[in-house]
Amino acid sequence: MTTQSDKRRFKRVDYTIQVFLETGDSRQTYLETRDINMRGIFVETEAPLPVGVTGKLTIHLQFGSQSEEVNASFQVVRSQKAASEQPAGMGLEFTEIDSDSSITLFNMVKAHGGFDNI
């Protein structure tokens, strides 16, 4: 049997970080993320945005004493209420990411075991 995680092209890595989302005139800060990969991020929140919402996001990554940003456009592709073992939150797919942000994200995911075969 093939599971959802077997179908993923990019492995998720557990990573908790602050994410800033802009949607229209609204700017929100979310303090809890569950996992991230090269395609998107899951944000834990009791008030997830509806599926289909688009916007821009910024993530500040720390590499030792260096700090770098990942800037991307996103679309909400999953929105869920809390269940027995699943937190409430939303899955964001990166729809556009600049090359510098892509390299930064790749390095972070790789450093946390997201590319076992590289």
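This one's a predicted model, so the numbers in the text were calculated from it and none came from an experiment. Residue indices begin at 1 and follow the sequence shown.
Pro48 and Gly89 make their closest contact through CB-O, 3.3 Å (heavy atoms, listed as atom of the first residue, atom of the second, distance). Shortest non-hydrogen contact noted between Gln75 and Gly52 is NE2-CA, 3.6 Å. In terms of heavy-atom proximity, Val51 sits nearest to Ser79 at CG2-N, 3.8 Å.
Other residues, nucleotides and ligands contribute only 12 or fewer heavy atoms inside 6.0 Å of the CD atom of Glu96.
In this structure the side chain of Leu105 never reaches within 4.5 angstrom of the side chain of Ile59, judged on heavy atoms. With a 4.5 Å cut-off on side-chain heavy atoms, Phe94 and Met38 do not count as touching. Residues Met90 and Tyr30 are in side-chain contact: their nearest non-hydrogen atoms beyond the backbone lie under 4.5 Å apart. Between Asp98 and Asn71, some side-chain heavy-atom pair lies under the 4.5 Å cut-off. Thr23 places a side-chain heavy atom less than 4.5 Å from the side chain of Phe74. For the pair Val76/Thr54, no side-chain contact is recorded, criterion being any heavy-atom separation below 4.5 Å from C-beta on. Contact of the Leu57 side chain with the Leu92 side chain is registered, since non-hydrogen atoms from C-beta on lie closer than 4.5 Å. Gln86 has its side chain within reach of Gln80: a pair of non-hydrogen atoms, C-beta onward, lies under 4.5 Å apart.
Ile41 and Phe20 are assigned to two separate hydrophobic clusters, defined by single-linkage of ILVMFWY side chains at heavy-atom distances under 4.5 Å. Under a hydrophobic-cluster definition in which Ile, Leu, Val, Met, Phe, Trp and Tyr are linked whenever side-chain heavy atoms come within less than 4.5 Å, directly or via other members, Leu21 and Val77 are assigned to different clusters. Cluster membership for Val43 and Val53, using ILVMFWY side-chain heavy atoms within less than 4.5 angstrom, is shared.
Side chain of Thr104 to main chain of Asp100: a donor-acceptor pair is present (N/O by atom type, distance under 3.5 Å, no hydrogens or angles). Judged by distance alone, the side chain of Thr33 and the main-chain N or O of Asp35 form no donor-acceptor pair under 3.5 Å.
The distance from atom CE of Met108 to atom CD of Glu68, rounded to the nearest 0.5 Å, is 11.5 Å. In this structure, the separation between NE2 on His60 and CD on Glu69 is 4.5 Å, given to the nearest 0.5 Å.
In summary, Lys56 and Glu22 do not engage in a salt bridge, as defined by a charged side-chain N under 4.0 Å from a carboxylate O.
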